[in-house]
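The model shown is predicted, which means the values in this text are computed figures rather than measured ones.
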Amino acid sequence: MKPMTSRCPEPQRTFGILFALIHAIETVSEIFTLLSSHLCHLQHMFDERISSFAEQKFQRDGIDVRTGCRALGVSEKSLSVKVKSHGEVYSIPHGLVVWSTGVGTRPVVGDFMEQVGQGDRRALATNEWLRVKGTENVYALGDCAAIDQRKIMEDISSIFKAADEDNSGTLTVSEFQDVVDDILIRYPQVELYLKSKHLKDRESVDTEEFKSALCHVDSQAKSLPATAQVAAQQGAYLSRCFNRRQQCQELPEGPRRFTGAEQHQFRPFRYKHFGTFAPLGGEQAAAELPGDWVSMGHSTQWLWYSVYASKQVSWRTRVLVVSDWTRRFVFGRDL
């Protein structure tokens with residue numbers, strides 16, 4: 001089947017694929033391995049180098065990429081799209097529309113959100129220990145929850161008071177160093193910010209200077225992506241906390257409470273990003289890995305195969321996945 005290049009291609013041969021999440025790029029690439037597509041593209045999750053590489057490849061493959069668009073509605077025969085930059089609205093005739101932008105809140109989660117006073121949110125708000133805000137022993141992880149990271153400016157006066165051991169009204173470098181480890185654990189957004197020049201070459205700071213130096217720290221806080229990688233780490237974290245609950249009641253392992261004299265029972269959850277892969281079709285993939293390392297092309301596809309297989313939960317599933325890939329390489333795909 002030849003690629004479509006006109007503004008209004010033949011509907012029966014047009015696929016409209018709406019997406020805004022990482023896994024949806026794989027949807028595009030998988031469909032393209034069967035036939036050429038017409039695409040309304042809504043994505044902003046990758047490094048600019050990967051986005052540019054993917055769009056150029058899609059263009060070479062005959063996929064019509066529309067960036068900066070918003071889907072307004074889908075009818076039986078057409079897709080209504082609005083261009084964000086100048087507000088133009090137009091329709092794209094289609095034979096099939098694939099929705100790959102994620103899912104809405106499950107009814108059971110929505111009902112619970114209403115009960116705990118979070119009905120106006122898209123996901124359950126939890127603290128850094130994954131406990132749902134407004135509850136005592138309810139925890140949430142994965143797509144249904146979002147960590148509401150506490151802002152350091154809410155506790156800045158308490159932090160200064162706790163660090164100022166001699167009550168001099170100023171904070172010396174040694175006094176700050178005594179509490180910096182607890183600050184970095186409790187407020188992870190501080191870690192990157194401390195690399196700036198705000199607290200360099202200063203022997204001491206008073207309360208106002210301390211507040212001024214850290215007033216922009218909270219802008220470093222970012223929400224976690226709704227991916228399996230995050231959910232898996234959250235699950236492992238909670239299981240460890242539950243298994244060590246009694247032990248940590250006697251010997252807390254968390255950071256100090258700056259608003260009190262005790263320690264937190266556990267260390268807060270800290271996500272460690274191991275990278276993101278995006279299969280692009282045609283046995284090519286793109287990867288964004290820690291250390292600002294970006295890889296694209298055929299070799300990255302084989303790296304993706306290796307990582308994907310290694311992350312399966314058992315040897316049985318690994319064998320099944322690899323055997324499926326082998327059959328596809330030998331016999332091709334069925335339409």
Quick check against the 3.5 Å criterion: does [X] have a side-chain atom that pairs as donor or acceptor with the backbone of [Y]?
{"X": "Glu128", "Y": "Pro188", "result": "no"}
{"X": "Arg121", "Y": "Ala123", "result": "yes"}
{"X": "Lys57", "Y": "Leu280", "result": "yes"}
{"X": "Asn127", "Y": "Arg131", "result": "yes"}
{"X": "Gln312", "Y": "Tyr308", "result": "yes"}
{"X": "Gln233", "Y": "Lys272", "result": "yes"}
{"X": "Glu262", "Y": "Arg257", "result": "no"}
{"X": "Ser168", "Y": "Thr170", "result": "yes"}
{"X": "Gln234", "Y": "Gly142", "result": "yes"}
{"X": "Glu288", "Y": "Phe277", "result": "no"}

Quick check: closest heavy atoms across [X] and [Y], and the distance to 0.1 Å?
{"X": "Gly254", "Y": "Gln263", "result": "O-NE2, 2.7 Å"}
{"X": "Ala286", "Y": "Met296", "result": "CB-CG, 3.8 Å"}
{"X": "Gln118", "Y": "Ala125", "result": "OE1-N, 2.6 Å"}
{"X": "Ala145", "Y": "Thr126", "result": "CB-CG2, 3.9 Å"}

Sequence neighbours excluded, which residues qualify as side-chain contact (heavy atoms from CB on, under 4.5 Å) partners of [X]?
{"X": "Gln246", "answer": "none"}
{"X": "Ser239", "answer": "none"}
{"X": "Asp120", "answer": "none"}

The complete set of salt bridge (Lys or Arg N to Asp or Glu O under 4.0 Å) pairs with one or both residues in residues 300-323, sequence neighbours excluded, reads none
Single-linkage hydrophobic cluster Phe331~Val319, side-chain heavy atoms < 4.5 angstrom |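 No, separate clusters.
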Cluster check Val321, Trp315: I/L/V/M/F/W/Y, side chain < 4.5 angstrom |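 No; tracing contacts between hydrophobic side chains, which count when under 4.5 Å, never links both residues.
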Pairwise distance [atom1]([X]) to [atom2]([Y]) - rounded to 0.5 angstrom:
{"X": "Arg70", "Y": "Ser80", "atom1": "CZ", "atom2": "OG", "result": "12.0 Å"}
{"X": "Arg267", "Y": "Arg186", "atom1": "CZ", "atom2": "CZ", "result": "13.0 Å"}
{"X": "Arg256", "Y": "Asp181", "atom1": "CZ", "atom2": "CG", "result": "11.5 Å"}
{"X": "His264", "Y": "Ile185", "atom1": "NE2", "atom2": "CD1", "result": "10.5 Å"}
{"X": "Ser299", "Y": "Glu283", "atom1": "OG", "atom2": "CD", "result": "12.0 Å"}
{"X": "Arg244", "Y": "Gln247", "atom1": "CZ", "atom2": "CD", "result": "4.0 Å"}

Side chains of [X] and [Y], heavy atoms from C-beta outward: is any pair under 4.5 Å?
{"X": "Val116", "Y": "Lys133", "result": "no"}
{"X": "Thr105", "Y": "Phe112", "result": "no"}
{"X": "Phe160", "Y": "Glu175", "result": "no"}
{"X": "Lys77", "Y": "Pro93", "result": "no"}
{"X": "Thr300", "Y": "Trp304", "result": "no"}
{"X": "Asp178", "Y": "Glu165", "result": "yes"}
{"X": "Asp155", "Y": "Tyr187", "result": "yes"}
{"X": "Ser91", "Y": "Leu79", "result": "no"}

Other than Phe242, which residues form its hydrophobic cluster under the rule that side-chain heavy atoms must be closer than 4.5 Å?
-> Trp129, Leu130, Tyr139, Leu141, Ile147, Leu224, Val230, Tyr237, Leu238, Phe266, Phe269, Tyr271
Determine, stepwise, if the pair Val190 / Ile152 fulfils side chain to side chain contact (heavy atoms under 4.5 Å, CB included).
-> CA-CA 8 Å; Val190 176; Ile152 192 173; 3.5 Å; yes
Taking salt bridge (charged side-chain N to carboxylate O under 4.0 Å, His left out) as the test, write out the residues that go with Asp164, two or more places apart.
->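 Here no residue qualifies.
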Given Val322, which of Thr326, Asp324, Leu320 fulfils the side-chain contact (heavy atoms from CB on, under 4.5 Å) condition?
-> Thr326
Check against side chain to side chain contact (heavy atoms under 4.5 Å, CB included), Val89 and Leu72 = CA-CA 9 Å; Val89 178; Leu72 299 180; 3.9 Å; yes
Between Phe258 and Ile183, does a side chain to side chain contact (heavy atoms under 4.5 Å, CB included) hold up when you go through it step by step?
-> CA-CA 9 Å; Phe258 291 107; Ile183 292 176; 3.7 Å; yes
How about Ser78 and Ser75: does a side-chain donor come under 3.5 Å of a side-chain acceptor?
->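 Their side chains do contain a donor-acceptor pair, which is all the 3.5 Å distance test asks for.
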Please say whether more than 12 non-hydrogen atoms of neighbouring residues, nucleotides or ligands are located less than 6.0 Å from CZ in Arg122.
->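 No, the 6.0 Å shell around CZ holds no more than 12 heavy atoms from other groups.
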Using the side chain to side chain contact (heavy atoms under 4.5 Å, CB included) rule, take Glu88 and Lys82 through it: C-alpha gap first, then chi angles, then the decisive distance, then the call.
-> CA-CA 6 Å; Glu88 178 190 358; Lys82 179 180 180 179; over 6 Å; no
